[in-house]
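For reference, the structure I am asking about is given below.
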There are 2 protein chains.
Amino acid sequence: MAANSQFAVAIHVLTILAKAGDERVKSDYVAGSVNTNPVVIRRLLSNLQEAGLVVSHVGATGGTTLAKQAKDIRLSEVYKALPCGEVFALHAKEANQDCPIGRNMAAFLCGLQKEIDKSIEEKLRQYTLRDVIEHIEEA
Amino acid sequence: MAANSQFAVAIHVLTILAKAGDERVKSDYVAGSVNTNPVVIRRLLSNLQEAGLVVSHVGATGGTTLAKQAKDIRLSEVYKALPCGEVFALHAKEANQDCPIGRNMAAFLCGLQKEIDKSIEEKLRQYTLRDVIEHIEEA
DNA sequence: CATAACTGTAACCAGTTTAGTTACGATTAA
DNA sequence: TTAATCGTAACTAAACTGGTTACAGTTATG
């Protein structure tokens, strides 16, 4: 369970919301399709709401809808909305600062990490939620 | 300690080897610069050797050297040599197969995962170990 | 106004992963 | 023969993720 599946689950959740249109979807229902616990879904939706991708309503007839149209939600927005792990971590302990290589390694790696993250975001920006739905429906 | 730092450490290690040239470097020495345990380094070198990036020698005068020149080692090779985590994980439990969305979600996400991985590799292919050294030396 | 049905969130638990560590066998040079 | 080194297995500790329970707050409805 160590690897983070929030992005994957988020795409799944957003797809369900998109198909539901204006109808408010309950966390219980989503959890049923994703096959997890409603609280896990609500936690995730909380992040997506902060990012302006969905709107949740509390109360008896509560539930969640998309905050904008599927064609206007880019997967890069979803990626940025979540605490997805970096592709690689820096070493937990600081390198030996007496070693000229160790001294400059962290800064370099941090920059590389950011560059990779940018690549990922560029790739994900190419897809909207609408594309996901079309892809899934034709399967 | 959940996030995988093997790639970061590998770049560090390879840089040290590159600077050492033909001289065999001992795992103890590398561990000193990276600030970790020699066994961690040897485990990593074992992977890099399998990938043909380094050559290790056992015995009294043992140690490790690069298997080819720094300018011929692309960071994408390093990435592929190691069990780096995927950017995102699929959900551990299978989605509800009775739900038309759940049924097709895993296949789609898996494809997306592969595409992202290709993006990362393309980005890393742009850099060689030589580039890393130059970048670190001018810092 | 009381009730039922939701969301939001805190708190805790269990499983998995990573890196650190110890230990030891195998290999090699001197 | 000895000392130094790699290779690798086994165990441990710490961190993280997701699952679960619990409950407060909100809202529609009769």
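Just so it is clear: chains get the letters A, B, ... in the order the sequence lines come, proteins before strands, and each one is counted from 1.
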Review point. Between atom CZ in A/F88 and atom C1' in C/dT17, what is the gap in whole Å?
Key: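 It works out to 19 Å between those atoms.
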**Study point:** Side-chain donor-acceptor pair present, A/S27, A/R42, cut-off under 3.5 Å
**Key:**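 Checked: A/S27/A/R42 side chains pair up, N/O donor to acceptor below 3.5 Å.
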Exercise for review: Look at A/Q49 and C/dT7 and indicate whether a side-chain polar atom (N or O) is within less than 4.0 Å of OP1 or OP2.
Suggested key: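 It does not, given that no N or O in the side chain of A/Q49 lies less than 4.0 Å from OP1 or OP2 of C/dT7.
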Practice item. Would you indicate which nucleotide in D/dG7, D/dG18, C/dA10 comes nearest to any side-chain atom of A/V40? Key: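 Between D/dG7, D/dG18, C/dA10, the one nearest the side chain of A/V40 would be D/dG18.
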Check your understanding: If you take atom types as modelled and just measure distance, does the side chain of B/R43 reach the base of C/dT21 with a donor-acceptor pair under 3.5 Å?
Key ->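 Per atom types, the contact qualifies.
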Review point. Within the pair B/T36 and C/dG20, is there a side-chain N or O less than 4.0 Å away from OP1 or OP2?
Key: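 Looking at the OP1 and OP2 atoms of C/dG20, one of them is under 4.0 Å from a side-chain N or O of B/T36.
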Review point. Please give, in whole Å, the distance from C/dA19 C1' to B/N35 CG?
Key: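 Between C1' of C/dA19 and CG of B/N35: 13 Å.
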Exercise for review: May I ask you to check whether B/E115 and A/Y127 show a side-chain donor-acceptor distance below 3.5 Å?
Suggested key: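 Indeed, the side chains of B/E115 and A/Y127 share at least one donor-acceptor pair under 3.5 Å.
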Check your understanding: Among C/dT21, D/dC6, C/dT18, which is the nearest nucleotide to the side chain of B/N4?
Key ->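 Between C/dT21, D/dC6, C/dT18, the one nearest the side chain of B/N4 would be C/dT18.
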Exercise for review: Output yes when at least one side-chain N/O atom of B/R42 is less than 4.0 Å from OP1 or OP2 of D/dG7, else no.
Suggested key: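 Result: no.
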Review point. Where along nucleotides 25-30 of chain D does protein come under 4.0 Å, by heavy atom, of base (B) or sugar-phosphate alone (S), with - for untouched nucleotides?
Key: -BBS--
Practice item. In whole angstrom, give the distance that lies between atom NZ of B/K26 and atom C1' of C/dT28. Key: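 My rounded result for the distance is 12 Å.
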Check your understanding: Whole-Å distance between C/dG8 C1' and A/N37 CG?
Key ->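 After rounding, the reported distance stands at 14 Å.
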Point to revise | Partner of B/D117 by side-chain contact (heavy atoms from CB on, under 4.5 Å), out of B/E86, B/E122, B/K80 | key: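 Of the listed options, the one satisfying the test is B/E86.
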Review point. A/S27 side chain: which of D/dG7, C/dT7, C/dT21 is closest?
Key: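 Selected nucleotide: C/dT7.
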Practice item. Would you tell me whether B/H12 and B/S33 have side-chain atoms, one donor and one acceptor, within less than 3.5 Å of each other? Key: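 Yes - a donor-acceptor pair under 3.5 Å links their side chains.
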**Study point:** Atom pair distance, as rounded to whole Å: CD in B/Q6 and C1' in C/dG20
**Key:**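 Taking atom C1' of C/dG20 as the reference, CD of B/Q6 is at 13 Å.
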Check your understanding: Charged N to carboxylate O below 4.0 Å: is that the case for A/E121 and A/K114?
Key ->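 No.
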Point to revise | All side chain to side chain donor-acceptor pair (under 3.5 Å) counterparts of B/T15, not counting sequence neighbours | key: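 With sequence neighbours excluded, B/T15 shows a side chain to side chain donor-acceptor pair (under 3.5 Å) to no residue whatsoever.
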Practice item. Can you tell me the distance, in whole Å, between the CZ atom of A/F7 and the C1' atom of D/dT17? Key: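 Atom CZ in A/F7 sits about 18 Å away from atom C1' in D/dT17.
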Exercise for review: Using a strict cut-off of less than 4.0 Å between a Lys/Arg side-chain nitrogen and an Asp/Glu carboxylate oxygen, indicate whether B/K68 and B/E77 qualify as a salt bridge.
Suggested key: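 Yes.
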Check your understanding: Roughly how many Å is it from CD in B/E50 to C1' in D/dG7, rounded to a whole number?
Key ->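 Nearest whole value for this atom pair: 12 Å.
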Review point. Given atom CD1 of A/I41 and atom C1' of D/dG18, what is their separation to the nearest angstrom?
Key: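 In whole Å, D/dG18 C1' and A/I41 CD1 are 11 Å from each other.
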Review point. Which part of the nucleic acid, if any, lies within contact of B/S5, taking any heavy atom under 4.0 Å across all strands shown: a base, the sugar-phosphate backbone alone, or nothing?
Key: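 It contacts sugar-phosphate atoms only.
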Check your understanding: If you check every side-chain atom of A/H91, which of C/dT9, D/dC6, C/dA19 has the closest atom?
Key ->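 When the side chain of A/H91 is considered, C/dA19 is the closest of C/dT9, D/dC6, C/dA19.
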